[in-house]
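Heads up: the structure comes next, in structure tokens.
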There are 2 protein chains.
Amino acid sequence: MGKQITEMLKGTLEGIVLALLASQPAYGYEITARLREKGFTEIAEGTIYALLVRIEQRGLVDVTKVPSPSGPPRKVYTLNERGRDELDEFWRTWSFLADRLQQLQGGK
Amino acid sequence: MGKQITEMLKGTLEGIVLALLASQPAYGYEITARLREKGFTEIAEGTIYALLVRIEQRGLVDVTKVPSPSGPPRKVYTLNERGRDELDEFWRTWSFLADRLQQLQGGK
DNA sequence: TACCAGTACATAGTAACGCTAGCTACCGTT
DNA sequence: AACGGTAGCTAGCGTTACTATGTACTGGTA
């Protein structure tokens, strides 16, 4: 895939990560791995860490530091109330866009 | 809607405009109006003109100047071969993303 | 011991894009 | 003359993903 996916991810990647965290808390390295499993093979690690910094600063997640058996300590992110609100809003916005694009794609 | 849609439109707005042009040629002012009809009420005119400049420079459209009965001359944009290729690629990328988001939204 | 791969986090600089806020200009009506 | 609708254009800004690189902890192996 090319640059199109890079631009499309702007605005959606945050929602994707919030959705992952909604199913269960996770740390950065783990999130990157999960995304790769789900088909997002080209997302750079650095992108995820930067995004996590942002959502932490906006107060969408709670953070705890947990020792790792196989490396440096992990920063585990848990979605909080505000994060869930933001995720709801994300799904509404996404649906708005997806509905309209489906119309465009199907009907002439 | 808030800032989420602004970020989400990055990458998709171009595809949306290409899709509009695929159904029939149009000029900037007209495209803005059509978008508003389709529910994209908050897209600024300036955004569309800048986008049209970009896709013209990338050679995705052919341009002809047509006199208007009610104002300055119109720049009519017609999707060409490369534009159609780009649009196909856009739909593939969009489907990739939409499929994965649907999985995320539905299944836990 | 030295090296390396895997794990885990972080950041400075860059490119791309939509938005804000303006501007010019043509036309018909008031 | 003034105004609203039509039509196009642009400089500067904020946000975001990517590139590239660095640090550091652990365990295995040459």
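Heavy-atom basis, side chains included; hydrogens, waters and symmetry copies ignored. Numbered from 1 within each chain, the chains take letters A, B, ... in sequence-line order.
What separates CD1 of I48(A) from C1' of dA8(C) is a distance of 14 Å, to the nearest Å. Residue Q57(B) contributes atom CD, which lies 14 Å from atom C1' of dA16(C) at whole-angstrom precision. To the nearest angstrom, C1' of dC17(C) lies 16 Å from CE of M8(B). When rounded to the nearest whole Å, the span between NZ of K3(A) and P of dC17(C) equals 9 Å. The distance from atom CD1 of I55(B) to atom P of dA16(C) is 16 Å, rounded to the nearest whole Å. Following rounding to the nearest Å, Q4(A) (CD) and dA16(C) (P) show an atom-to-atom distance of 14 Å. Distance, K65(B) NZ to dC26(C) P: 11 Å, rounded to whole Å.
Projected onto DNA chain C by closest heavy-atom contact, V53(A) and E7(A) fall at different nucleotides, the more 5' of which corresponds to V53(A). Between G71(A) and R54(A), the residue whose closest nucleotide on DNA chain D is further toward the 5' end is R54(A).
In this structure the side chain of T12(B) reaches within 4.5 angstrom of the side chain of L9(B), judged on heavy atoms. Taking 4.5 Å as the limit, every side-chain heavy atom of R84(B) sits out of range of all side-chain heavy atoms of L18(B). Residues I31(A) and L51(A) have side chains not in contact (no heavy-atom distance under 4.5 Å, counting atoms from C-beta outward).
Applying the side chain to side chain contact (heavy atoms under 4.5 Å, CB included) test to T93(A) and every residue at least two apart in sequence or in another chain returns E89(A), M1(B), Q4(B), I5(B), M8(B). For E37(A), the side chain to side chain contact (heavy atoms under 4.5 Å, CB included) test picks out no residue, with sequence neighbours left out. The side chain to side chain contact (heavy atoms under 4.5 Å, CB included) search around N80(A) returns D62(A), R82(A), not counting sequence neighbours. In terms of the side chain to side chain contact (heavy atoms under 4.5 Å, CB included) criterion, residue partners of A22(B) (sequence neighbours excluded) are, by chain and number, L79(B), L87(B).
Regarding contacts with the backbone of dA8(C), a side-chain N or O of Y27(A) is found under 4.0 angstrom from either OP1 or OP2.
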- Query: Would I16(A) and K38(A) satisfy side-chain contact (heavy atoms from CB on, under 4.5 Å), going step by step from the backbone distance to the final call?
  - Reply: CA-CA 11 Å; I16(A) 291 168; K38(A) 292 193 184 288; over 6 Å; no
- Message: Run the side-chain contact (heavy atoms from CB on, under 4.5 Å) test on D85(B) and E81(B) for me, step by step, so that the C-alpha distance in whole Å, both residues' side-chain angles and the decisive distance to 0.1 Å come before the verdict.
- Response: CA-CA 6 Å; D85(B) 288 348; E81(B) 192 61 31; 4.2 Å; yes
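Side-chain atoms of T47(B) never come within 3.5 Å of backbone atoms of I43(B) as a donor-acceptor pair (strictly under, hydrogens ignored).
At the heavy-atom level, S70(B) lies under 4.0 Å from base atoms of the strands shown.
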Output side-chain donor-acceptor pairs under 3.5 Å for residues 54-61 of chain A, partner residues at least two apart or in another chain, one line each.
| unit_1 | atom_1 | unit_2 | atom_2 | d |
| --- | --- | --- | --- | --- |
| R58(A) | NH1 | E86(A) | OE2 | 3.4 |
| R58(A) | NH2 | E14(A) | OE1 | 2.6 |
| R58(A) | NH2 | E14(A) | OE2 | 2.7 |

Side chains of residues 69-76 of chain B: which donor-acceptor pairs under 3.5 Å do they make with residues two or more places apart or in other chains?
| unit_1 | atom_1 | unit_2 | atom_2 | d |
| --- | --- | --- | --- | --- |
| R74(B) | NE | Y27(B) | OH | 3.2 |
| R74(B) | NH2 | Y27(B) | OH | 3.3 |

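Applying the salt bridge (Lys or Arg N to Asp or Glu O under 4.0 Å) test to every pair with at least one member in residues 20-30 of chain B, sequence neighbours left out, gives these pairs: E30(B)-R34(B). Among pairs with a residue in residues 39-76 of chain B, those fulfilling ring-ring contact (aromatic ring centres under 6.0 Å, His included) read F96(A)-F40(B), at least two apart in sequence or across chains.
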Please write out each protein N/O paired with an N/O of nucleotides 19-25 of chain C under 3.5 Å, distance rounded to 0.1 Å.
| unit_1 | atom_1 | unit_2 | atom_2 | d |
| --- | --- | --- | --- | --- |
| dC19(C) | OP2 | T47(B) | OG1 | 2.9 |

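DNA chain D is contacted by R74(B), K75(B) of residues 74-101 of chain B, taking any non-hydrogen atom closer than 4.0 Å. Sorted by residue number, the list of members of residues 29-36 of chain A with any non-hydrogen atom under 4.0 Å from DNA chain D is empty.
If you walk DNA chain D from 5' to 3' and mark each nucleotide with an atom closer than 4.0 Å to a heavy atom of chain B, the marks span dG5(D) to dT16(D).
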